[in-house]
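Here is the structure we will look at, set down as structure tokens.
Starting from 1, each residue takes its place in the sequence as its number. All figures in this text were calculated on a predicted structure; none of them were measured in a lab.
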Amino acid sequence: LFLEPEFVKRIGYDEALENVKDEGLRDCLNYVRGPSKYAQQVRNVECQPGEYGPFFPIGSVQGIEAFSRIERLSLWGNGSLTDLQPLGKLSHLQNLDLWLKSPYFNAAALGELKLLDYLDLRIEGPRPDLTEMGNLQSLRGLSLGAPYDSSLDLNDISSLVNLRELSLRV
């Protein structure tokens with residue numbers, strides 16, 4: 001059942017897809033569409049290789065904010081995915097799997113995700129500064145992958161006071 005307050009404008013799925021400029025993201029959102037008539041009906045988006053479907057390398061997340069009720073999101077970024085600001089507008093997001101090929105991304109955008117419970121962050125390249133993610137007060141699980149090494153400074157995540165599970169993959 002899809003319930004929204006009357007003052008929230010429902011955005012048609014096709015209209016929302018028109019605002020998604022990245023072909024990989026647009027194809028992925030179209031792939032997971034199902035019977036959804038409105039962008040706000042989408043709860044789970046898997047844009048990664050493997051059992052979930054075709055491979056969707058994502059270069060930009062611009063336009064994803066129309067899908068404002070997403071609760072679980074998995075993205076496989078290509079080398080140009082660095083601007084994560086639109087993800088900060090997904091106020092219902094609880095679980096985020098993010099695979100990036102560049103360590104130069106806007107971590108502060110992730111700090112805007114007040115309901116985020118679990119973050120799996122995989123990055124190719126040097127370890128980014130994670131201190132900007134300190135606003136994630138509801139985060140209970142964090143998984144960091146490749147190429148982290150023994151120089152990982154846990155002070156970067158010391159402000160994550162509700163963190164219960166930390167996984168480091170090297």
**Item:** Asp14 CG to Asn19 CG distance, which is reported to the nearest 0.5 Å
**Value:** 11.5 Å
**Complete:** Rounded to the nearest 0.5 Å, the CG atom of Leu113 sits from the OG atom of Ser138 at a distance of 8.5 Å
**Prompt:** Should we count NZ of Lys114 as having more than 12 external heavy atoms under 6.0 Å?
**Reply:** yes
**Message:** Can you see whether Glu46 engages Ser74 through a side-chain donor-acceptor pair at a distance of less than 3.5 angstrom?
**Reply:** yes
**Asked** Hey, is the main chain of Tyr13 close enough, under 3.5 Å, to the side chain of Glu15 for a donor-acceptor pair?
**Response** no
**Asked** Step by step, would you call Val42 with Glu71 a side chain to side chain contact (heavy atoms under 4.5 Å, CB included)?
**Response** CA-CA 8 Å; Val42 176; Glu71 296 172 359; over 6 Å; no
**Message:** Before you tell me yes or no, could you show the steps for Gln41 and Arg69 under side chain to side chain contact (heavy atoms under 4.5 Å, CB included), namely the whole-Å CA-CA distance, both residues' side-chain angles and the distance that decides it to 0.1 Å?
**Reply:** CA-CA 7 Å; Gln41 290 176 292; Arg69 306 281 289 182; over 6 Å; no
**Item:** Atom pair CG/CD of Leu139 and Glu165 - distance to nearest 0.5 Å
**Value:** 10.0 Å
**Asked** Any donor-acceptor pair under 3.5 Å linking the side chain of Asn162 with the backbone of Gln137?
**Response** yes
**Message:** Does any part of the side chain of Leu121, heavy atoms only, come nearer than 4.5 Å to the side chain of Leu96, both counted from C-beta?
**Reply:** no
**Message:** So, taking the atom named CG in Leu93 and the one named CZ in Arg43, what distance separates them when rounded to the nearest 0.5 Å?
**Reply:** 12.0 Å
**Prompt:** Mind checking whether Leu168 and Leu160 sit in one hydrophobic cluster, side chains of I, L, V, M, F, W, Y counted as touching below 4.5 Å?
**Reply:** yes
**Asked** Would you call Asn44 and Val32 a side-chain contact if the rule is heavy atoms closer than 4.5 Å?
**Response** no
**Prompt:** Considering residues at least two apart in sequence or located in another chain, which fulfil the side-chain contact (heavy atoms from CB on, under 4.5 Å) criterion with Asp120?
**Reply:** Asp97, Tyr118, Arg122, Ser143, Arg169
**Asked** So, does Ser68 use its side chain to make a donor-acceptor pair with the main chain of Glu65 at under 3.5 Å?
**Response** no
**Prompt:** Hey, are the side chains of Leu116 and Asn95 touching, using non-hydrogen atoms and a 4.5 Å cut-off?
**Reply:** no
**Prompt:** Can you find a pair of side-chain heavy atoms, one from Cys28 and one from Val45, that are under 4.5 Å apart?
**Reply:** yes
**Fill in**
Heavy-atom nearest pair, Leu25 first then Ile58, reads N-CD1, 3.2 Å
**Asked** With sequence neighbours excluded, what pairs up with Gln85 under the side-chain hydrogen bond (donor to acceptor under 3.5 Å, both in side chains) test?
**Response** Asn106, Glu112
**Item:** Check: Asn30 and Arg26 side chains under 4.5 Å, non-hydrogen atoms
**Value:** no
**Item:** Gap between atom NZ of Lys37 and atom CD of Gln40 - 0.5 Å precision
**Value:** 13.0 Å
**Message:** Could you check whether Arg72 pairs with Asp117 (Lys NZ or Arg NE/NH1/NH2 to Asp/Glu carboxylate O, under 4.0 Å)?
**Reply:** no
**Message:** Side chains of Asp22 and Val61, heavy atoms from C-beta outward: is any pair under 4.5 Å?
**Reply:** no
**Request:** Can you see which heavy atom on Leu100 is nearest to which on Leu84, and at what distance?
**Result:** CD1-CD1, 4.5 Å
**Tyr38/Phe67 aromatic ring centres below 6.0 Å** = no
**Asked** Between Ser91 and Leu115, does a side chain to side chain contact (heavy atoms under 4.5 Å, CB included) hold up when you go through it step by step?
**Response** CA-CA 7 Å; Ser91 60; Leu115 296 180; over 6 Å; no
**Message:** For a 4.5 angstrom cut-off between non-hydrogen side-chain atoms, does Asp83 reach Ser60?
**Reply:** no
**Item:** Leu119 with Leu166, same ILVMFWY side-chain cluster at under 4.5 Å
**Value:** yes
**Item:** Connected via hydrophobic side-chain network under 4.5 Å: Ile64 and Ile11
**Value:** no
**Fill in**
Ala66 and Ala39 have their tightest heavy-atom pair at O-CB, 3.4 Å
**Request:** Mind listing the closest non-hydrogen atom pair of Glu18 and Lys21 along with its distance?
**Result:** O-NZ, 3.4 Å
